[in-house]
Amino acid sequence: MKEVEKPVGIFDSGLGGLTVFRELRSMLPGENLIYFGDTARVPYGTKSAEAVIAFSKEITSFLLARKIKLLVVACNTASSLALEEVRGISPVPVLGVIEPGAAAALAAAPRGGRVLVTGTTATVNSRAYSRALAGSGVKVAERACPLFVPLVEEGWCSKPVALQVAREYLAPFRGRADALILGCTHYPLLKKVIARVMGPRTRIVDSARTAAQAARDELAARGLLNPGRRGRSEFVVSDAPERFSALAHRLLGIRTGRVEIKRF
Ligand code: DGL
């Protein structure tokens, strides 16, 4: 296989990383993409750093064996806790979602403005976004929203309970942030309810798009872009492939076709 034809690997704890997959697919139609969702072990956001590192390394080894040319860690929790360890075992470049998310927030908030980071408990406790934004002149607050991931994985993004949960977490910040970072790849699926709670003066920053742009720039810089127009999409999960496929279609409009299963 020619270098450019090798797939780009993408992984997340479940289906949240499909928000990054969808951006990559529309931005780079010629790329072969392989997506791994760790549906047997989701959520990552409530687990220890040791567990997230071990899972991330297992998935990375699996994707490397599939001859990927670039790895996108499409999970904020894994990007916060395991990026260095994943880079340590990967001969191909590895991109996370924290830096692109922080860059997008800086573009959206004025200097001296206020940025609210939302994410899983593990991401917020790691302070990865606060570190990435340090010295940029914005004021950062962080809020863990642990019930958001199960709501998304249940497919309940537009039920009244989603708005109620969003109010519990975010009502105290209404009107008090210039930008809100959706610091979990599941959260773009709750963007409408989050925007409704935060009010019109908060820009909602979705790192999925900026992460996809970073991947495109990395491939271009290395001369690895696949110029074709009909790239292959493959999906692998660690459990319940039919459920993954049904939710991918219902929530993101993605038709996965057959989903492979890989148990660790
Ligand atoms: N979607 C992931 C993230 O970006 C993980 C959510 C979870 O598994 O808790 O953080």
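In this text the structure is predicted, and so the values were computed from the model without any measurement. As the structure lists them, so they are numbered: ligands from 1, and atoms in each ligand from 1.
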Does a donor on one side chain and an acceptor on the other come within less than 3.5 Å for S245 and T256?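 Side-chain D/A pair, S245 to T256: present.
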
Assess the side chains of T120 and T77: does a donor N or O sit below 3.5 Å from an acceptor N or O?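 Yes - a donor-acceptor pair under 3.5 Å links their side chains.
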
Examine R41 relative to F55 and say whether NZ or CZ is less than 6.0 Å from the centre of the six-membered ring and inside a 45° cone about the ring axis.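 Checked: cation-pi criterion met.
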
Who's touching ligand 1 if we go heavy atoms under 4.0 Å?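 Residues within 4.0 Å of ligand 1: D12, S13, V42, P43, Y44, G45, C75, N76, T77, T120, V149, C184, T185, H186.
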
Cut-off 3.5 Å, no hydrogens considered: what does the side-chain donor-acceptor table look like for residues 133-140, sequence neighbours left out?
from: S136; atom 1: OG; to: L133; atom 2: O; distance (Å): 2.5
from: K139; atom 1: NZ; to: G112; atom 2: O; distance (Å): 3.1

Please report the interatomic distance CD(E58) to CZ(F36), rounded to the nearest 0.5 Å.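 Taking CD in E58 and CZ in F36, the distance rounds to 8.5 Å.
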
What are the two closest non-hydrogen atoms of A51 and K47, and how far apart are they?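 Heavy-atom minimum between the residues: CB-CB, 4.2 Å.
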
